[in-house]
Amino acid sequence: MDLDTLFDAAMAGDAAAVAELEIEADRLHRYEETILHLQSEKGNTERVKFILRKFAHKNLLAKLSRYKHTALHLAIYEGQTEVAEVLIDAAHHLLPPSDDNDNLVTSFQAFLRQGDKDMDT
């Protein structure tokens with residue numbers, strides 16, 4: 001099943017699709033980007049909201065790519081202002097870091113001020 005079909009099914013309430021999408025949420029893509037990074041960059045607001053709601057326990061919002069990009073960096077770089085608003089709102093509820101991953105931004109202010117590899121914010 002392609003990612004578009006998977007999202008459509010999961011967002012329609014298909015439990016098997018949600019489970020498959022959760023596995024996809026653990027996968028890192030080409031530049032160590034999560035599905036939240038990818039959907040934010042594309043401006044898929046409803047998918048971003050779904051990911052943040054369904055997979056909040058994965059703390060994808062706080063994950064940094066290989067280039068230290070958050071999903072917010074990618075949304076802003078692509079002019080996805082609606083997605084950026086959703087991400088900023090969600091950042092108010094960042095989860096504390098887990099012991100197994102120190103590559104996270106864990107507070108609202110740190111999230112907003114996070115520079116990428118070139119220290120661009």
Side-chain angles (χ1 to χ4, degrees):
M1 186 178 307
D2 75 346
L3 198 55
D4 290 332
T5 304
L6 188 59
F7 264 109
D8 290 344
M11 291 171 70
D14 181 326
V18 171
E20 193 173 332
L21 196 56
E22 185 163 11
I23 292 167
E24 181 66 25
D26 289 328
R27 189 169 155 266
L28 295 178
H29 296 266
R30 190 165 84 176
Y31 300 111
E32 297 176 22
E33 296 168 331
T34 68
I35 59 172
L36 183 63
H37 284 95
L38 300 176
Q39 297 305 313
S40 296
E41 184 175 32
K42 292 178 182 177
N44 291 322
T45 306
E46 293 308 312
R47 289 181 183 182
V48 166
K49 289 178 182 178
F50 180 82
I51 293 165
L52 291 169
R53 185 177 63 253
K54 280 292 193 186
F55 309 126
H57 62 285
K58 295 184 178 294
N59 217 7
L60 297 176
L61 182 63
K63 298 223 184 225
L64 301 175
S65 73
R66 176 182 302 160
Y67 301 109
K68 299 199 182 295
H69 292 143
T70 63
L72 180 61
H73 282 111
L74 298 179
I76 294 297
Y77 289 154
E78 294 299 323
Q80 307 296 351
T81 56
E82 188 176 332
V83 169
E85 288 178 28
V86 169
L87 296 170
I88 290 168
D89 185 53
H92 285 287
H93 310 287
L94 282 168
L95 299 174
S98 63
D99 292 335
D100 62 341
N101 192 343
D102 61 355
N103 191 24
L104 297 175
V105 182
T106 58
S107 76
F108 179 70
Q109 285 186 338
F111 178 76
L112 292 181
R113 295 177 179 163
Q114 176 65 41
D116 65 10
K117 71 175 182 60
D118 297 320
M119 292 313 296
D120 291 336
T121 60

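Both backbone and side-chain heavy atoms feed into the values below; hydrogens, waters and symmetry mates do not.
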Is a side-chain donor-acceptor pair under 3.5 Å present for T70 with H73? yes
Is any side-chain heavy atom of L21 less than 4.5 Å from a side-chain heavy atom of K54? no
Between atom CD of E46 and atom CD of Q39, what is the distance when rounded to the nearest 0.5 Å? 12.0 Å
Go through the steps to decide whether H69 and Y31 satisfy the test ring pair (Phe, Tyr, Trp, His ring centres under 6.0 Å), and finish with yes or no. CA-CA 10 Å; H69 292 143; Y31 300 111; 8.9 Å; no
CG on L60 to OG on S40, rounded to 0.5 Å: 9.5 Å
With under 30° as parallel and over 60° as perpendicular, where do the rings of F7 and F50 fit, or are they tilted in between? perpendicular
Heavy-atom closest pair (A90 atom, L61 atom, distance to 0.1 Å) is C-CD2, 3.6 Å
What is the distance from atom NZ of K58 to atom CD1 of I51, rounded to the nearest 0.5 Å? 12.0 Å
Heavy-atom closest contact (A17 atom, L6 atom, distance): O-CD1, 3.5 Å
Test your reading of the model: is there a side-chain donor-acceptor pair from H37 to the backbone of T34, 3.5 Å cut-off? yes
Should H29 and E24 be marked as a side chain to side chain donor-acceptor pair (under 3.5 Å) after you check the CA-CA gap, both sets of side-chain angles, and the distance that decides it? CA-CA 10 Å; H29 296 266; E24 181 66 25; 3.0 Å; yes
Same cluster or not: L112 versus Y67, using hydrophobic residues (I, L, V, M, F, W, Y) connected whenever any side-chain heavy atoms lie under 4.5 Å apart? no
The reported gap from CG in L3 to CD in E20 (rounded to nearest 0.5 angstrom) is 9.5 Å
Whether D120 and K68 form a salt bridge (side-chain N of Lys/Arg under 4.0 Å from carboxylate O of Asp/Glu) is what I want to check. no
Side chain to side chain contact (heavy atoms under 4.5 Å, CB included) evaluation trace for L38 with R30: CA-CA 10 Å; L38 300 176; R30 190 165 84 176; over 6 Å; no
Inter-residue atom distance K63.NZ - I35.CD1, 0.5 Å rounding: 11.5 Å
I need the single residue from L87, L74, V83 that forms a side chain to side chain contact (heavy atoms under 4.5 Å, CB included) with L36. Which is it? L87
Heavy-atom side-chain contact between Q114 and L72 under 4.5 Å: no
State yes or no: do Y77 and I88 share one hydrophobic cluster built from I, L, V, M, F, W and Y residues joined by side-chain heavy-atom distances below 4.5 Å, directly or via other members? no
Check the orientation of H57 and F55. Use parallel for under 30°, tilted for 30 to 60°, and perpendicular for over 60°. perpendicular
